[in-house]
Amino acid sequence: MNRVNRLLGTAGAAALIVTSASPALAGGTTAGSTITNTVSVNYQVGGVAQTATGASNTFTVDRKINLTVAEVGTTTTQVSPGQLAAVTTFTVTNTSNAVLDFALAAAQQSAGPGAHSNTDNFDVSNVKVYVDSNLNGSYDAGTDLEVSYLDELAADASKTVFVVADVPLGRLSGDVAAVTLTATGREGGGAAAQGAALSETTGANTSGMDTVYADGAGATDGSRDAAYSAKDDYTVLAAALTISKLSRVISDPFNGTTNPKAIPGATIEYCIVVSNAAGSATANTVAISDPLPSTVTYDGGGVFINGTVTSGLCNTDGTNGGSHAAGTVSGTLSSVAASETKTLRFRATIN
């Protein structure tokens, strides 16, 4: 026996044969696959080559459950008061070594810090979850499907998921609504139906495919729970309009334009001033409606919109683009940007 052992150590040759390796993936070798390792030993006795011998070992690769959910982008989602279908975007990635389904749930936060150094102070409504059906990375109403789970997501594959919600009217600039998307691993293998809940294997390693939770802690969930969560938030940017109405006497029947007085027959110029505060959202399609009192009559000289103000006084500028009908003067300012002031101006006669 000693003689054989010595010959094996000095004159024998050994080779380790392993099944071909899979590509390096985040999840690793596919769960349920088998790895066979075969060793072959060649040796001599008294200088004569003997019949080679060897042995094999086979085991089953266990299932590692891992996933990530990540906000797409690094800034808050800017919204307007009353905006419908406001979108926050996430990526769900299956970093397991098996095909899995993933249950999806969007939750609203109740106060506390949001995702971007801000504080949640209101809730959005009509919250829904959609999957990027056409894979273009953008939410497309009528194309992307509303879902409650991702079906049969392959190992190392990702899906873009949208949380879509409506913003209430009346919210102010700086208001924040934080939302959290949580994905939870489920059994895969059956298309078009959400798989059963996963169960982690307890106790010693078995000869079959065991299951191990390997996920980290997300925004609101713990580690090794087969789930992962991430936050995003909506931040309101509203217009902050201030409105004032000015008037000045242009002329009267006795003094003309020299120190005119507001007597019957005098011409009055009205100027409606619309200002938007600094840092506010642009106000678009600003519709102005001014029903005139019965004591004045529109003089037919035109309704001028998009005029300017200098030192608190309306300038005689703008374009004739408003209208008068049934005693009401109307006009629409195309837009009023932050820190901008525009006017609507017209003249009337005192009855």
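On a predicted model such as this, the values are computed, not experimentally measured, just so you know.
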Can you tell if the side chain of D290 reaches within under 4.5 Å of the side chain of F346, non-hydrogen atoms only? yes

Mind checking whether L104 and V161 have side chains closer than 4.5 Å, heavy atoms only? yes

Run through the side-chain heavy atoms of Ile, Leu, Val, Met, Phe, Trp and Tyr, join any pair under 4.5 Å, and report what else lands in F254's cluster. I263

Pair N97-T29, side chain to side chain contact (heavy atoms under 4.5 Å, CB included): steps then yes or no: CA-CA 6 Å; N97 63 340; T29 305; 5.7 Å; no

Quick one: does V236's side chain get under 4.5 Å of P81's, heavy atoms only? yes

Hey, does T93 have a side-chain heavy atom less than 4.5 Å from the side chain of L67? no

Could you tell me whether the side chain of V61 reaches within less than 4.5 Å of the side chain of T30, counting heavy atoms only? no

Heavy atoms, side chains only, cut-off 4.5 Å: are R345 and T316 in contact? yes

Side chains of T182 and V69 in contact at under 4.5 Å (non-hydrogen atoms): no

Can you check whether P113's main-chain N or O pairs, donor with acceptor, with K231's side chain at less than 3.5 Å? yes

Derivation and outcome, side chain to side chain contact (heavy atoms under 4.5 Å, CB included), residues V163 and V127: CA-CA 7 Å; V163 176; V127 180; 3.9 Å; yes

Donor-acceptor contact below 3.5 Å, side chain T201 vs main chain T211: yes

Heavy atoms of other groups near N259 CG, more than 12 under 6.0 Å: no

Apart from I250 itself, what residues make up its hydrophobic cluster when side-chain heavy atoms of I, L, V, M, F, W and Y under 4.5 Å apart count as a link, directly or indirectly? none

Where Q108 and V179 come nearest, the two heavy atoms and their spacing: CG-CG1, 4.4 Å

Within the distance-only criterion (no hydrogens, no angle test), does the side chain of D221 pair as donor or acceptor with the backbone N or O of G218 below 3.5 angstrom? yes

Please check: side-chain N/O of T343 versus main-chain N/O of C271, any donor-acceptor pairing under 3.5 Å? no

Do N121 and D175 have side-chain atoms, one donor and one acceptor, less than 3.5 Å apart? yes

Taking the side chain as C-beta and beyond, is there a heavy-atom pair between F122 and V167 under 4.5 Å? yes

Identify the two heavy atoms, one from N66 and one from G216, that lie closest to each other, and give their separation to 0.1 Å. OD1-N, 4.3 Å

Criterion side chain to side chain donor-acceptor pair (under 3.5 Å) against T76, the qualifying member of D232, D233, T88: D233

Is there a path from M209 to L198 through hydrophobic residues (I, L, V, M, F, W, Y) whose side chains come within less than 4.5 Å of each other? no

Atom of S40, atom of A52 and distance for their closest heavy-atom approach: OG-CB, 4.4 Å

Under a plain distance cut-off of 3.5 Å, with no hydrogens placed, do N276 and T282 share a side-chain donor-acceptor pair? no

Any residue meeting side-chain hydrogen bond (donor to acceptor under 3.5 Å, both in side chains) with S56, in chain and number order, not counting sequence neighbours: T38

Looking at T319, is its backbone amide N or carbonyl O close enough to the side chain of N306 to form a donor-acceptor pair, meaning the two atoms are under 3.5 Å apart? no

Check A192 against Y149 and note the closest heavy-atom contact, atom names and distance. C-OH, 3.3 Å

With no hydrogens and no angle check, do the side chains of T257 and S251 hold a donor and an acceptor under 3.5 Å apart? no

d(I65 CD1, D225 CG) to nearest 0.5 Å is 12.0 Å

Stepwise, does the side chain to side chain contact (heavy atoms under 4.5 Å, CB included) test hold for N134 with D144? CA-CA 7 Å; N134 58 7; D144 295 328; 3.7 Å; yes

Assess the side chains of T91 and S158: does a donor N or O sit below 3.5 Å from an acceptor N or O? no

Under 4.5 Å side-chain linkage, directly or through intermediates, the cluster mates of V164: V87, Y130, Y139, F162

Verify, without hydrogens or angle tests, whether D166 (side chain) and A85 (backbone) share a donor-acceptor contact under 3.5 angstrom. yes

Using residues 322-342 as the side-chain source, report each donor-acceptor pair under 3.5 Å to any protein atom, sequence neighbours left out, with the distance given to one decimal.
from : atom 1 : to   : atom 2 : distance (Å)
E340 : OE1    : A337 : N      : 2.7
T341 : OG1    : S275 : OG     : 2.8
K342 : NZ     : S335 : O      : 2.8

Does A165 offer a backbone N or O that forms a donor-acceptor pair with the side chain of N126 under 3.5 Å? no

Side-chain H-bond candidate by donor/acceptor type, T349 with D299, under 3.5 Å: no

How far apart are the closest heavy atoms of S280 and A240, and which atoms are they? OG-CB, 3.5 Å

What's the verdict on side chain to side chain contact (heavy atoms under 4.5 Å, CB included) for R63 and E200, showing C-alpha distance, side-chain angles and the deciding distance? CA-CA 9 Å; R63 185 169 59 171; E200 188 172 29; over 6 Å; no

Report yes or no: does D132 contribute a side-chain atom to a donor-acceptor pair with the main-chain N or O of G137 at less than 3.5 Å? yes

Using a 4.5 Å cut-off between side-chain heavy atoms of Ile, Leu, Val, Met, Phe, Trp and Tyr, which other residues end up in the same hydrophobic cluster as V309? L246, V273

Identify whether L292 and I243 are in the same connected component of the hydrophobic contact network (ILVMFWY, side-chain heavy atoms under 4.5 Å). yes

Determine whether a donor-acceptor pair (N or O, by modelled atom type, separation under 3.5 Å) exists between the side chain of D215 and the backbone of R224. yes

Check for a donor-acceptor pair, side chain of D62 on one end and backbone N or O of D210 on the other, with a separation under 3.5 Å. yes

Could you verify whether a donor N or O on one side chain and an acceptor N or O on the other, from N136 and S138, lie under 3.5 Å apart? no

Group every Ile, Leu, Val, Met, Phe, Trp and Tyr by side-chain heavy-atom contacts under 4.5 Å, then state whether I272 and V249 land in the same group. yes

